[in-house]
2 protein chains.
Amino acid sequence: MKTLPRKDQIRLKAQVLFREKGYVASSMRDIADTLGIEAASLYNHISSKEEILQDICFSMAESFFVAIEPISTEDIAPDEKLKKAITAHIGVIAANSDASAVFLHEWRHLGNPSLADFKLMRRRYEKIFAAMLEDGIRTKAFRVVDVALTVRTLLSAMNWTYEWYNPKGKVDPTAMSVHICKLMLDGLRS
Amino acid sequence: MKTLPRKDQIRLKAQVLFREKGYVASSMRDIADTLGIEAASLYNHISSKEEILQDICFSMAESFFVAIEPISTEDIAPDEKLKKAITAHIGVIAANSDASAVFLHEWRHLGNPSLADFKLMRRRYEKIFAAMLEDGIRTKAFRVVDVALTVRTLLSAMNWTYEWYNPKGKVDPTAMSVHICKLMLDGLRS
DNA sequence: CCTACCGATCGGTAGG
DNA sequence: CCTACCGATCGGTAGG
């Protein structure tokens, strides 16, 4: 039961506020209140409000890459690989639902150069999924689809799931993953 | 080439700003600047900043209902009905991409009672899609799925499309609809 | 970590 | 539709 470093406590509380009210509408005083200190005291641990947002966004990006990259290089069937990737992605979201919400919605309030870096990382991440789809198309495991469009649809289908881990988990991550895998691979038709 | 009423001009300019910077980060002075007037002058046409957000959110909600409700009562096969509904929904987004972005992301900055009304409308809208899925499951056109979960996945798969009608339309709405219909009904597997 | 405070900006009003 | 202005609040700093 070790107490976290103050900086981590700040990020954790800020995540919840940023998710609930949005980054811009959350003030430093709001964050300080949740910690029982004055707003000015926050600046002993962080240098700016935006630094908190940066920490959240980039550490989440890191988590997604760490989860997905090893899978992308595995030598398994395309449909199995995609399933593992979907499951891993949703697993990261489920384990960090507040941070995921912030990562997904508040990144645009980053200033440059962080904003440009963030967009590049996102493109890199999309390309990993694109490569998995292209592999599947080439080996005839998947039908021919517009890859860019399918990647975006797939990511959107996964990225709303943080909402279900809101206050208390309604559905477990495994069930979500199984559902989305099946829907994306085989569709709704019986 | 009739000039729009000032109030509509305000909403149109605000849509673009709210989409780009978010509702909270967009000031009344920002909006006034795009119209070449002073911030104080806006209050001759609207009563508050939030009223603009309300107008955008509720007029979009209205557009979605107007598009989807007639389809929901048609007497056609479940898969055809779902296709028409997806096409109609994406059509509304494509025709109002700025307002759609605001509708989808900024609604939470509504105050009560608007916020509560908005959430109710959204639930009503989800139920229309849920009923279409349940019909399909009952008649064996669709396989048995978790309906609530599938509705959310489907809506998410459709609702990112406003991004592709950003500055200039990259893809036409018809292509987007065909793609998403096919993916949702038959999946990725060949 | 606090007190005390800064300049900037916010949504909005009064009065014309 | 403008000038002039309001109180509130913002992110952040100085100094201890």
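Just so it is clear: chains get the letters A, B, ... in the order the sequence lines come, proteins before strands, and each one is counted from 1.
- Residues from residues 28-37 of chain B lying near DNA chain D, meaning a heavy-atom separation below 4.0 Å, are B/I37 in numerical order.
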Exercise answer: donor-acceptor pairs, residues 112-119 of chain B side-chain atoms, under 3.5 Å, sequence neighbours excluded:
{"unit_1": "B/N112", "atom_1": "OD1", "unit_2": "B/A116", "atom_2": "N", "d": "3.1"}
{"unit_1": "B/S114", "atom_1": "OG", "unit_2": "B/Q54", "atom_2": "NE2", "d": "3.1"}

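- One finds a salt bridge joining B/E69 and B/R124 here, because a Lys/Arg side-chain nitrogen approaches an Asp/Glu carboxylate oxygen to under 4.0 Å.
- Sequence neighbours left out, the pairs with a member in residues 93-103 of chain B that pass salt bridge (charged side-chain N to carboxylate O under 4.0 Å, His left out) are B/R19-B/D98.
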Please list each protein N or O that sits under 3.5 Å from an N or O in nucleotides 14-16 of chain D, with the distance.
none

Pairs of donor and acceptor atoms involving the side chains of residues 26-40 of chain B, under 3.5 Å and at least two apart or interchain, shall be tabulated with distances.
{"unit_1": "B/S26", "atom_1": "OG", "unit_2": "B/L17", "atom_2": "O", "d": "3.3"}
{"unit_1": "B/S26", "atom_1": "OG", "unit_2": "B/G22", "atom_2": "O", "d": "2.7"}
{"unit_1": "B/S27", "atom_1": "OG", "unit_2": "B/R29", "atom_2": "N", "d": "3.3"}
{"unit_1": "B/S27", "atom_1": "OG", "unit_2": "B/D30", "atom_2": "N", "d": "3.0"}
{"unit_1": "B/S27", "atom_1": "OG", "unit_2": "B/D30", "atom_2": "OD2", "d": "3.3"}
{"unit_1": "B/D30", "atom_1": "OD2", "unit_2": "B/K21", "atom_2": "NZ", "d": "3.0"}
{"unit_1": "B/D30", "atom_1": "OD2", "unit_2": "B/S27", "atom_2": "N", "d": "3.0"}
{"unit_1": "B/T34", "atom_1": "OG1", "unit_2": "B/I31", "atom_2": "O", "d": "2.7"}

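- The shortest heavy-atom contact between A/V92 and A/S100 is O-OG, 4.2 Å.
- The distance between atom CG of B/L42 and atom P of C/dT13, rounded to the nearest whole Å, is 13 Å.
- In this structure, the CD1 atom of A/I10 is 14 Å from the P atom of D/dG11, given to the nearest Å.
- For residues 81-92 of chain B, the pairs satisfying salt bridge (charged side-chain N to carboxylate O under 4.0 Å, His left out) are B/E74-B/K84, B/E80-B/K83, with sequence neighbours left out.
- A heavy atom closer than 4.0 Å to some atom of DNA chain C occurs in B/S48, B/K49, these being the qualifying members of residues 45-56 of chain B.
- Minimum heavy-atom separation, B/M176 to B/T161: CE-CG2, 3.1 Å.
- Note on residues 52-61 of chain B: pairs passing salt bridge (charged side-chain N to carboxylate O under 4.0 Å, His left out), not counting sequence neighbours, are B/K7-B/D55.
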In dot-bracket, 5' to 3', how would DNA chain D read with Watson-Crick or G-U wobble pairs under 3.5 Å, [ ] for crossing ones and | for pairs to another strand? ||||||||||||||||

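- As rounded to whole Å, 11 Å separates atom P of D/dC10 from atom OH of A/Y43.
- We find that CD of B/E38 is positioned 15 Å from P of C/dT9, with the value rounded to whole Å.
- For residues 141-156 of chain A, the side-chain hydrogen bond (donor to acceptor under 3.5 Å, both in side chains) pairs, not counting sequence neighbours, are A/T150-B/H179, A/R152-B/E163.
- We find that NZ of B/K7 is positioned 18 Å from C1' of D/dC1, with the value rounded to whole Å.
- At a non-hydrogen distance threshold of 4.0 Å, nothing from residues 106-117 of chain B comes into contact with DNA chain C.
- Within the cation-pi definition used here (under 6.0 Å to the ring centroid, within 45° of the axis), A/R189 does not qualify as a partner of B/F142.
- For the pair A/K49 and A/Y23, the distance from NZ or CZ to the six-membered ring centre is under 6.0 Å and the angle to the ring normal is within 45 degrees.
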Steps toward ring pair (Phe, Tyr, Trp, His ring centres under 6.0 Å) verdict (A/H109, A/F18): CA-CA 11 Å; A/H109 294 112; A/F18 291 174; 9.6 Å; no

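- Looking at every heavy atom in both residues, B/A14 comes nearest to B/I52 through CB-CG2, 3.6 Å.
- Among residues at least two apart or in separate chains, ring-ring contact (aromatic ring centres under 6.0 Å, His included) pairs with a member in residues 73-95 of chain A are A/F64-A/H89, A/H89-A/Y125.
- Between D/dT9 and A/S27, no contact under 4.0 Å exists linking OP1 or OP2 to a side-chain N or O.
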For the pair B/D8 and B/L12, evaluate side chain to side chain contact (heavy atoms under 4.5 Å, CB included) and give the outcome as yes or no after the intermediate values. CA-CA 6 Å; B/D8 295 329; B/L12 252 40; 5.6 Å; no

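- Remark: side-chain polar atoms of A/Q9 are paired, donor with acceptor, to backbone N or O of A/L4 under 3.5 angstrom.
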